[in-house]
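Reading through the structure tokens given below for one structure.
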Amino acid sequence: MIDRLNQLREEALGALQPIWDDAQLEQWRVKFLGRKGALSAAMDQLGALPKEQRAVVGKLANETKNALESAYQVKVGAIQQRALSESLETEPLDVTLPGRPVATGRLHPATQNLREIYRIWGDMGFQVFRSREIETDELNFQLLNIPPFHPARDNWATFYVAGTGQRVVLRTHTSPGQIRAMRLLSENGTQPVRVILPGMCYRYEQISARYEIQFYQVEGLAVGRNVTFADLKGTLTEFARRMYGERPVRFYADHFPFTEPSAQMDVKCIICEGSGCPICKYTGWLEILGSGMVHPQVLRNGGYDPDEWSGFAFGMGAERIAMLKHGIEDIRYFWADDLRFLEQF
Ligand code: DAH
């Protein structure tokens, strides 16, 4: 029996040596290690041995089994390794090929533009405040001198929020933030205000190259003891210079219920430099913002006594600022998610 096991082991290991493919290896496994294989057959006879030999032979049988099994595992690895080296040798591998490019993300142009605006106003001493996107009719309109049914409401085609007890709207402009900022800063005694209030606004309008139903505005508010219209002009002119470089600006009479007087600011058209083109509608000028001296009643609504305090305010359409800077002709690009547009920034 001992001889048979030793013989079996030699025979099996000898037969394993020349095998180099999976099918033959499997045949070998079945023949020697399978349930009906040679080793099982030998082990079945253990029971017939006299008791005193059984332990010795049993141990040898186990050792044989372990030896064959580990030889089998080594062979499996060797076959895989050989297949790999063969494929490396026969299939050409060009290690000089460039790697796959890793696509890097970037900030949305609207975000880049807003950050540029924050940076400029920040450098000029304005803090960034946040205000609500959903406002009451009172804040969005009434406290800004626009009572119900006032004709000026036509300028702000409004989305109303359904199912609320009072009239609640998606803010049509960032101007209600003026009231909130003033109330916050006058809570413990009035103090000067110098803030910008950026945020998304909504209007129920026909979408076109110039109008979107949602867009960013950046509101600005400066309130102090002796703030004048000269401060308004100087500050806004400086903003335009930092945003667009040296470029003529002009102020143009306008009307908003929450400022008196009111003015729009134009910059010299960046496309035609003033000679007239479709972008500036042949006027040579592009409007970039609305502004004015804060109306006394609005100051009062914010907790400031207009006999002591005065201020100026402005509101700019952020996408419009970017369109004029980069010559973008259609505001719809901003929210269309077209990579051909976005990847240019
Ligand atoms: N809220 C105005 C709009 O949406 C823009 C504006 C005009 C804001 C004059 C102001 C301002 O603060 O003083 O059309």
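Whatever order the structure lists ligands and atoms in, that order sets their numbers, starting from 1. These figures come from a predicted structure and were not determined experimentally.
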Tyr216 backbone acceptor or donor facing Glu319 side chain under 3.5 Å: yes
For ligand 1, which atoms have a heavy atom of Trp156 less than 4.0 angstrom away? 3 (C), 4 (O), 14 (O)
Is there a donor-acceptor contact under 3.5 Å from the side chain of Tyr72 to the main chain of Leu16? no
Under a heavy-atom criterion of less than 4.0 Å, does Met316 contact ligand 1? no
Fit a plane to each ring of Phe239 and Trp121, take the angle between them on a 0 to 90° scale, and name the class: parallel (under 30°), tilted (30 to 60°) or perpendicular (over 60°). parallel
Are Phe215 and Tyr211 an aromatic pair by the rule of ring centers under 6.0 Å? no
Give the minimum heavy-atom separation between Glu205 and Ala157, together with the two atoms involved. CG-CB, 4.3 Å
Ignoring hydrogens and geometry, is there a side-chain-to-backbone donor-acceptor pair from Ser275 to Cys272 under 3.5 Å? yes
Does ligand 1 have any atom that is closer than 4.0 Å to a heavy atom of Met293? no
Under 30°, 30 to 60°, or over 60°: which ring-plane class applies to Phe258 and His173, parallel, tilted or perpendicular? perpendicular
Taking only heavy atoms of Arg203 into account, list the atoms of ligand 1 that are under 4.0 Å away from them. 3 (C), 4 (O), 14 (O)
Between Tyr202 and Trp156, is the ring centroid distance below 6.0 Å? no
Can Ser262 be said to touch ligand 1, with heavy atoms closer than 4.0 Å? no
Does Glu308 pair with Arg225 as a salt bridge, N-O distance under 4.0 Å? yes
Which segment of His255 sits under 4.0 Å of ligand 1 when only heavy atoms are counted: neither
Any idea which atoms of ligand 1 are less than 4.0 Å away from a heavy-atom of Gln217? 3 (C), 4 (O)
Would you check the N or O atoms of Thr172, main chain and side chain alike, for any that come under 3.5 Å of an N or O of ligand 1? no
Could you list the atoms of ligand 1 found under 4.0 angstrom from a heavy atom of Gln178? 12 (O)
Looking only at protein heavy atoms, what sits closest to atom 12 (O) of ligand 1 is Glu219 OE2, 2.6 Å
If we only count N/O pairs under 3.5 Å, is Gly290 in contact with ligand 1? no
Kindly confirm or rule out an N or O of Ala313 lying under 3.5 angstrom from an N or O of ligand 1. yes
Can you list the ligand 1 atoms lying under 4.0 Å from a non-hydrogen atom of Thr259? 13 (O)
For atom 9 (C) of ligand 1, the option (of Ser291, Pro176, Gly315, Gly292) bearing the nearest heavy atom: Ser291
Just one of Asp22, Leu84, Val74 clears the side-chain contact (heavy atoms from CB on, under 4.5 Å) bar with Ile79, so which one? Asp22
Looking only at heavy atoms, is any part of Phe312 under 4.0 Å from ligand 1, and if so is it the side chain, the backbone, or both, or is it neither? neither
Could you tell me which atoms of ligand 1, counted from 1 in the order shown, lie closer than 4.0 angstrom to a heavy atom of Ser175? 1 (N), 8 (C)
Does ligand 1 have an atom that lies less than 4.0 angstrom from a heavy atom of Phe258? yes
Is the distance between the ring centroids of His108 and Trp335 under 6.0 Å? yes
Which atoms of ligand 1 have any heavy atom of Phe256 under 4.0 Å away? 7 (C), 9 (C), 14 (O)
